[in-house]
Student: 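One structure, pasted below without further comment.
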There are 2 protein chains.
Amino acid sequence: MMKPQFNLWLEINGEVGLSIWRVRLLQAVGETGSISAAAAQLGIHYRTAWQKIHEMETRLGQKLVETQTGGHGGGGATLTPTAQAYLDKFNQFSQQIEGEIHRHYQALFDFDDSQR
Amino acid sequence: MMKPQFNLWLEINGEVGLSIWRVRLLQAVGETGSISAAAAQLGIHYRTAWQKIHEMETRLGQKLVETQTGGHGGGGATLTPTAQAYLDKFNQFSQQIEGEIHRHYQALFDFDDSQR
DNA sequence: CAATCGCTATGACAAATAATCATAACGCTG
DNA sequence: CAGCGTTATGATTATTTGTCATAGCGATTG
């Protein structure tokens with residue numbers, strides 16, 4: 001009925017570098033091998049996905065996605081090792097936080113219910 | 001340079017009931033004794049503040065702010081005991097989570113720096 | 001006892017942001 | 001060498017958010 005939600009991101013000069021959603025996007029690129037397929041998987045437009053990736057790259061100052069235009073299948077995209085490292089670490093981070101939120105929520109709020 | 005940020009909220013049928021910002025708004029109302037002064041304190045327009053409060057009340061299905069129109073000083077607003085209770089508990093919750101985020105971030109990310 | 005004052009309340013509008021459309025270029029493949 | 005699915009990007013539309021403007025209220029005060 002009432003449940004805690006959260007968002008988590010890394011800021012870089014006051015701008016969002018990585019966030020849970022953005023990391024999910026990178027992950028989808030890595031899995032599918034293309035920005036276009038990743039966008040479809042997340043139910044967003046290619047343009048949006050590309051824009052977010054571009055944003056992340058300029059903000060972090062590092063290349064995250066290696067793209068290839070033309071060729072077999074029209075092209076594709078793969079994650080750089082840098083991106084993969086960010087991805088792994090951020091996933092670990094957000095999973096830990098999710099656990100903590102659940103734990104603290106139980107302790108603070110669900111206690112009420114067990115009182116009646 | 002790069003630092004973790006977060007948002008935290010309580011959802012109720014997929015809609016935001018309380019959040020860090022919203023709780024801060026309620027707190028400002030409690031401190032100043034009026035919605036208008038609270039809005040000024042947070043640097044937003046009265047309209048926005050009123051709207052958010054109204055939203056919270058309908059979503060939570062409970063009266064949070066007792067308002068009075070007319071009279072000495074034109075009127076005013078005070079928090080209901082319900083609102084005060086929510087406020088206290090949510091503040092406790094978010095402070096705990098903030099601590100956890102800082103802790104886990106140090107452990108995961110700042111470790112890199114101490115490696116060089 | 002009516003005029004004042006700052007506040008609540010809400011409709012209407014403007015600005016900013018995000019999503020979508022449209023089109024060009026690319027290069028392997030059959 | 002034409003076709004296909006992809007990257008890349010300018011232009012446009014839709015949605016969300018924030019701001020403006022105005023009406024009504026009622027204890028207080030001169």
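Naming convention: chains lettered A, B, ... in sequence-line order (proteins, then strands); numbering from 1 in each chain.
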Student: Please give, in whole Å, the distance from C:dT8 P to B:Lys52 NZ?
Tutor: 18 Å
Student: Which whole-number value in Å describes the distance from A:Glu66 CD to D:dA8 C1'?
Tutor: 15 Å
Student: Could you give the NE2-to-P distance, from A:His45 to D:dT9, as a whole number of Å?
Tutor: 18 Å
Student: Nearest-nucleotide wise, let me know which of A:Gly74 and A:Thr67 is further upstream toward the 5' end of DNA chain D.
Tutor: A:Gly74
Student: Side chain of B:His102, backbone of B:Glu98: donor and acceptor closer than 3.5 Å?
Tutor: no
Student: Verify, without hydrogens or angle tests, whether A:Ser36 (side chain) and A:Tyr46 (backbone) share a donor-acceptor contact under 3.5 angstrom.
Tutor: no
Student: Parallel, tilted or perpendicular: which one describes the rings of A:Phe93 and A:Phe90, with boundaries at 30° and 60°?
Tutor: perpendicular
Student: Classify the ring geometry of A:Tyr105 against A:Phe109: parallel below 30°, tilted from 30° to 60°, perpendicular beyond 60°.
Tutor: parallel
Student: D:dT6 P sits how many Å from A:Ile53 CD1, rounded?
Tutor: 14 Å
Student: Distance check needed: C:dG6 P versus B:Ile35 CD1, whole Å only.
Tutor: 18 Å
Student: Calculate the interatomic distance between B:Glu55 atom CD and C:dA9 atom C1'; express it in whole Å.
Tutor: 16 Å
Student: Please give, in whole Å, the distance from C:dA18 C1' to A:Ile44 CD1?
Tutor: 12 Å
Student: Is the closest basic N to carboxylate O distance between A:Glu15 and A:Arg59 below 4.0 Å?
Tutor: yes
Student: Of B:Gln51 and B:Tyr46, whose nearest nucleotide on DNA chain C comes first from the 5' end?
Tutor: B:Tyr46
Student: Quick check for you: among C:dC7, D:dG18, C:dC21, whose closest atom lies nearest to any side-chain atom of B:Thr48?
Tutor: D:dG18
Student: Between B:Ala37 and A:Thr69, name the one whose nearest nucleotide on DNA chain C is closer to the 5' end.
Tutor: B:Ala37
Student: Nearest to the side chain of B:Trp50 - D:dT7, C:dA19, C:dT10?
Tutor: C:dT10
Student: Rounded to the nearest angstrom, tell me the gap between atom NE2 in A:His72 and atom P in D:dT7.
Tutor: 13 Å
Student: Out of C:dT29, D:dT7, C:dT20, which has the shortest distance to the side chain of A:Arg47?
Tutor: C:dT20
